Amino acid sequence: MTKTEITKYLININTTIKDAMKQSDSSGSKILFVTDEKLNFIGSLSDGDIRRSILSDGLLNKAVKNVCNKKPFTVDENYDLDAVKKLMLDMQLDCIPVIDSENKITELLFWNTVLGSDKKKEKKEKITSPVVIMAGGKGSRLAPFTNILPKPLIPIGNKTVLEIIIDKFADHSVEKFYLTVNYKSRIIKYYLEELMPDFNVEFVDEDKPLGTAGSLRLLKDKIKECFIVTNCDIIIDADYSELMKYHKAKNNDISMVVSLKHYKIPYGICNIENGDELKSISEKPEYSYFINTGMYVLKPEVLELIPENEFFHITDLMEAVQKNGGKVGTYPISEKSWIDTGEWDEYKKAIKMFDV
């Protein structure tokens, strides 16, 4: 690995968490290595370190030197390859930095180069809670595809979006799924029947469109524990067991998965006072916002707040929870950990991501 290649994995100690998330997405790695101005090695910064920091105080402008791991696994230039392989396997490390006598990173040892194969999928912690997939919408943003196929069955390679979503939960051995259906529901049912899945799927029929939360009322007497709700057109790359732990630890009534989205305005923004007086120009500013991804964890009690057989959005439910003194929390993920396949540009990205 050349110095140029190493550089994209290095991050300065004074870089903000917000910019660290952008760099992590850009590098395609879930770990960066923190250095000072002279490129002396300070520590490592994982996506988990970033998430824990955001959850602790919500600050995005905090410097990474305050949240990085200052005692990560490292080896010196005289490392034994067999020892490195054992360390990687035992600790499931994606990357180990090689540090020279001057405390500089001279090499990065990645799993695939050291072990000669892609990292095997780690066995994720089992989730016993049910998962509700909201699959009743028309998917008008993907017309004309959705004039023929229901949104959950839009293909990405050899699988549908619905199958990819279910596969993500299958990694956690989820056994019970509820699918709320309305538009072209018979096609969805026939398709899943043909698959003959080894998990339990129960369909919840909406007689009419009920919004992003209205159909959840139909589950009031069926679900007695915290459960996950996801839209049928989003793919989220995250550890769902960690999401469940967060939800329970915070005692939230609703936990919403949010993604940090960056927007860059390609023009100079004029700040105007007194109607027409130019105060200043901000040249090509960039803004960052946490975006609702469409995945949530809910306590079963909140289903009581959903009116029967009425159009009701998830945002209406959140407002109702807060008005009743309940708590709505947020669980942050990076921008590239979320794909909204219900929008054309993102759908094209999904096709590239899954190499099809």
Side-chain angles (χ1 to χ4, degrees), residues 17 21 24-25 30-31 45-58 60 67 92 94 121-135 161-180 199 212-213 216 219 223-261 289-303 314-315 317-318 321-322 326-341:
I17 289 176
M21 293 179 77
S24 179
D25 278 343
K30 291 189 175 183
I31 189 164
L45 183 74
S46 69
D47 59 345
D49 295 326
I50 292 173
R51 183 177 299 108
R52 283 188 289 273
S53 176
I54 295 174
L55 290 174
S56 68
D57 54 30
L60 295 176
V67 301
Q92 289 293 297
D94 292 306
K121 187 183 293 184
E122 295 179 45
K123 186 175 178 60
K124 294 184 177 179
E125 189 172 333
K126 180 180 175 64
I127 294 176
T128 58
S129 303
V131 172
V132 180
I133 302 177
M134 308 295 283
V161 175
L162 179 60
E163 289 172 87
I164 293 172
I165 292 171
I166 290 175
D167 284 347
K168 293 284 185 182
F169 287 104
D171 290 343
H172 292 276
S173 303
V174 172
E175 296 176 352
K176 179 66 176 181
F177 292 89
Y178 293 94
L179 262 69
T180 66
F199 46 81
T212 54
L216 293 177
L219 296 169
I223 297 180
K224 304 298 182 183
E225 59 185 309
C226 292
F227 62 100
I228 296 175
V229 176
T230 180
N231 292 346
C232 68
D233 53 6
I234 63 163
I235 300 171
I236 289 182
D237 183 20
D239 188 330
Y240 302 145
S241 63
E242 290 298 320
L243 168 62
M244 293 298 294
K245 289 176 184 176
Y246 159 79
H247 175 79
K248 293 174 181 178
K250 292 291 186 177
N251 195 29
N252 291 336
D253 292 280
I254 299 177
S255 294
M256 174 173 55
V257 179
V258 297
S259 171
L260 190 64
K261 196 81 171 174
Y289 301 97
F290 279 114
I291 303 297
N292 179 7
T293 65
M295 181 179 286
Y296 319 87
V297 183
L298 279 66
K299 283 185 177 179
E301 292 83 3
V302 304
L303 299 179
I314 192 74
T315 48
L317 180 57
M318 291 177 185
V321 165
Q322 291 171 325
K327 184 179 176 184
V328 178
T330 57
Y331 184 83
I333 60 174
S334 69
E335 185 170 1
K336 283 195 175 179
S337 295
W338 167 54
I339 304 174
D340 176 9
T341 65

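Bear in mind that the values here come from a model prediction, so they are computed numbers and not experimental data. Residue numbers start at 1 and run along the sequence shown.
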Practice prompt. State the CG-OG distance between Asp25 and Ser259, to the nearest 0.5 angstrom.
Written response: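 Going from CG on Asp25 over to OG on Ser259, the span is 7.5 Å.
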Worksheet item: Measuring from Met256:CE to Met318:CE, what's the distance to the nearest 0.5 Å?
Response: 4.5 Å
Practice prompt. Flag the pair Ile228 / His172 as yes when at least one side-chain heavy-atom distance between them is below 4.5 Å, and no otherwise.
Written response: no
Discussion item. Quick check: do Cys232 and Val161 have side-chain heavy atoms less than 4.5 Å from each other?
Written reply: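 A side-chain contact under 4.5 Å is absent here.
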Worksheet entry | side chain to side chain donor-acceptor pair (under 3.5 Å) partners for Thr128, two or more places apart |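 So Thr128 forms no side chain to side chain donor-acceptor pair (under 3.5 Å) with any residue.
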Worksheet entry | Verdict with reasoning, Val67 to Ile50, per side chain to side chain contact (heavy atoms under 4.5 Å, CB included) | CA-CA 7 Å; Val67 301; Ile50 292 173; 5.6 Å; no
Worksheet item: Do Glu125 and Lys245 sit within salt-bridge range, that is, some charged N less than 4.0 Å from a carboxylate O?
Response: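 Lys245 and Glu125: salt-bridged.
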Fill in: Electrostatic pair Asp171:Lys168 at N-O distance under 4.0 angstrom
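Result for this pair is no, no salt bridge flagged.
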Worksheet item: According to the interplanar angle, ranging from 0 to 90°, do the rings of Phe169 and Phe177 count as parallel (below 30°), tilted (30 to 60°) or perpendicular (above 60°)?
Response: perpendicular
Discussion item. So if I apply the salt bridge (charged side-chain N to carboxylate O under 4.0 Å, His left out) rule between Lys30 and each of Asp94, Asp237, Asp49, which one comes out positive?
Written reply: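 One option only clears the test, and that one is Asp237.
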In residues 290-302, what donor-acceptor pairs under 3.5 Å come from side-chain atoms, sequence neighbours left out?
from   : atom 1 : to     : atom 2 : distance (Å)
Asn292 : OD1    : Gly294 : N      : 3.0
Asn292 : OD1    : Tyr296 : OH     : 3.4
Asn292 : ND2    : Tyr296 : OH     : 3.0
Thr293 : OG1    : Val257 : O      : 2.8
Thr293 : OG1    : Met295 : N      : 3.4
Lys299 : NZ     : Asn251 : OD1    : 2.8

Practice prompt. Can you run down the salt bridge (Lys or Arg N to Asp or Glu O under 4.0 Å) pairs that involve residues 289-298, sequence neighbours left out, and say none if there aren't any?
Written response: none
